Amino acid sequence: MELTNIGTVKELLNKNGFSFSKSLGQNFLINPAVCPKIAETGGCHKGAAAIEIGTGIGVLTKELALRCDKVVAVEIDERLKPILSETLSEFDNIEIVFADVLKTDMKKLIEGKLSGFGEIYVCANLPYYITSPVVMKLIEDRLPIKAVTVMVQKEAAERICAQMGTRECGAVTAAVNFYSTPKMLFRVNRGSFMPQPNVDSAVIRLDISTEPRYKVKDDELFFKIVRAAFSQRRKQMLNPLSQALGIGKSSLSEMFTECGIKTNARPEELKMEDLAALCDRISEK
Ligand code: SAM
């Protein structure tokens, strides 16, 4: 079945009485060039396994299953069950778990369903309303995965792949850079989806490092600092940090100075090395 043919997709959805849920971010890919490209740039190959988040009608799932030995997908919408059993009927290497990815213990899922695979790749066209939490979860849970290749809203892609120390960066940029190397792969215009969203998209790849790329004494404290510092991105970070960490402003500004950070610094001015140095200094207090 041609899952990028608009007529075929409409017929399939009508037959099953399926209507798109805007709140679940259901914009399905209908550009035939995109899914094979995600699977290939995402690292899929024989001997490896893939994890997908959000199957929709299975257009990307299929491409992953053609290239990998096994695919495990997490999809929240059980209305897609009968559709997927039709569209993916020819594959015996796909397992779909109907659950909310944000409430799923991904480590357990991998141990239970993908043990024995040395290489696991996450590939997805993410529901945009949860892009940052999903990316943060995949990164922070320290899963045994090689790379995360996901389609996200263009602006989110630019934020995630931004250089630290520039106006474009945010908490997600720092979190992603701590455990992975992000790369912008290619842009996808809004006309590639049904229904058409009112934003353009981009596919990014995060290559996961086995060890954090920046050594700090306390990883948890690092993420706490990042969240607090970027909670008001354009403002000076001394106040929000002082409140979040319960450290007086004068002691904290001394620590800033010891780390070579201006006391009136804004988070967007900092490099990863500055955040790491500050984290280690604060952890000594
Ligand atoms: N992969 C398909 C494609 O490219 O056409 C569908 C992508 S669509 C942008 C996002 C998919 O994620 C939808 O199928 C939606 O039901 C699913 N989804 C939304 N929220 C989810 C969640 N919290 N956990 C798992 N899946 C979710």
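Here the structure is a predicted model, which is why all the values come from computation and not from measurement. Numbering starts at 1 and runs along the sequence shown. Order of appearance sets the numbers: ligands from 1, and atoms from 1 within every ligand. Only heavy atoms go into these numbers, but all of them, side chains included; no hydrogens, no water, no symmetry mates.
Of the N and O atoms on the side chains of Glu40 and His45, not one donor lies less than 3.5 Å from an acceptor on the other residue. In summary, the side chains of Asn27 and Gln196 do not present any donor paired with an acceptor at a separation below 3.5 Å, with no hydrogens or angles considered. At a cut-off of 3.5 Å, with distance as the only test, no side-chain donor of Ser201 or Gln153 sits close to an acceptor on the other residue. In this structure, a donor-acceptor pair under 3.5 Å is absent between the side chains of Glu63 and Thr61. Between Arg190 and Asn198, the side chains place no donor N or O within less than 3.5 Å of an acceptor N or O (distance only, hydrogens not considered). Checked by atom type, the side-chain pair Glu211/Ser209 shows no donor-acceptor distance below 3.5 Å.
At the top of the distance list for atom 8 (S) of ligand 1, counting protein heavy atoms only, stands Gly25 O, 3.4 Å. From the protein, the heavy atom lying nearest to atom 2 (C) of ligand 1 is Thr55 O, 3.3 Å. Closest to atom 24 (N) of ligand 1 among all protein heavy atoms lies Val101 N, 2.9 Å. Residue, atom and distance of the protein heavy atom nearest to atom 19 (C) of ligand 1 are Leu24 O, 3.1 Å. Considering only non-hydrogen protein atoms, atom 11 (C) of ligand 1 sits nearest to Gly54 CA, 3.6 Å. The protein heavy-atom contact nearest to atom 14 (O) of ligand 1 is Glu75 OE1, 2.7 Å. For atom 23 (N) of ligand 1, the nearest non-hydrogen atom of the protein is Asp100 OD1, 2.9 Å. Protein heavy atom closest to atom 5 (O) of ligand 1, with residue, atom name and distance, is Leu29 N, 2.8 Å.
Other residues, nucleotides and ligands contribute at most 12 non-hydrogen atoms within 6.0 Å of the NZ atom of Lys103.
The distance criterion of under 3.5 Å between nitrogen or oxygen atoms is not met by Leu126 with respect to ligand 1. Here's the thing with Asn125: one of its N/O atoms is less than 3.5 angstrom from an N/O atom of ligand 1.
Residue contact check for ligand 1: Ala99 places a non-hydrogen atom closer than 4.0 Å to it. Proximity of Glu52 to ligand 1 is established by a heavy-atom distance of less than 4.0 Å. Ligand 1 has Tyr129 within reach: a non-hydrogen atom of the residue lies less than 4.0 Å from it. Under the 4.0 angstrom criterion for non-hydrogen atoms, Leu102 is not in contact with ligand 1.
Classification of the Phe223-Tyr179 ring pair by plane angle, with boundaries at 30° and 60°, yields parallel. A parallel orientation is assigned to the rings of Phe178 and Phe222, their planes being inclined by less than 30° (bins at 30° and 60°).
Formation of a donor-acceptor pair under 3.5 Å by the Asp274 side chain with backbone atoms of Leu270 is not found in this model.
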- [ ] Evaluate the criterion salt bridge (Lys or Arg N to Asp or Glu O under 4.0 Å) for residue pair Glu268 and Arg233; output intermediate values, then yes/no.
- [x] CA-CA 7 Å; Glu268 62 193 27; Arg233 220 149 50 91; 5.3 Å; no
Open item on the list: Walk me through whether Lys107 and Asp105 qualify under salt bridge (Lys or Arg N to Asp or Glu O under 4.0 Å).
Closed with: CA-CA 6 Å; Lys107 227 173 216 160; Asp105 184 334; over 6 Å; no
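Of all atoms in ligand 1, numbered sequentially from 1 with element shown, those under 4.0 Å from a heavy atom of Val59 are 3 (C), 4 (O), 5 (O). Residue-ligand proximity, Ile130 to ligand 1, at heavy-atom distances under 4.0 Å covers atoms 22 (C), 23 (N). Which parts of ligand 1 touch Gln26 is read off a 4.0 Å heavy-atom cut-off, strictly below it: atoms 13 (C), 15 (C), 16 (O). Residue contact check: Val74 has heavy atoms under 4.0 Å from atoms 25 (C), 26 (N) of ligand 1. Atom numbering of ligand 1 starts at 1 in the shown order; those under 4.0 Å from a heavy atom of Gly56 are 2 (C), 6 (C), 14 (O).
Closest to atom 21 (C) of ligand 1 by heavy atom, among Ile76, Val97, Asn27, is Ile76.
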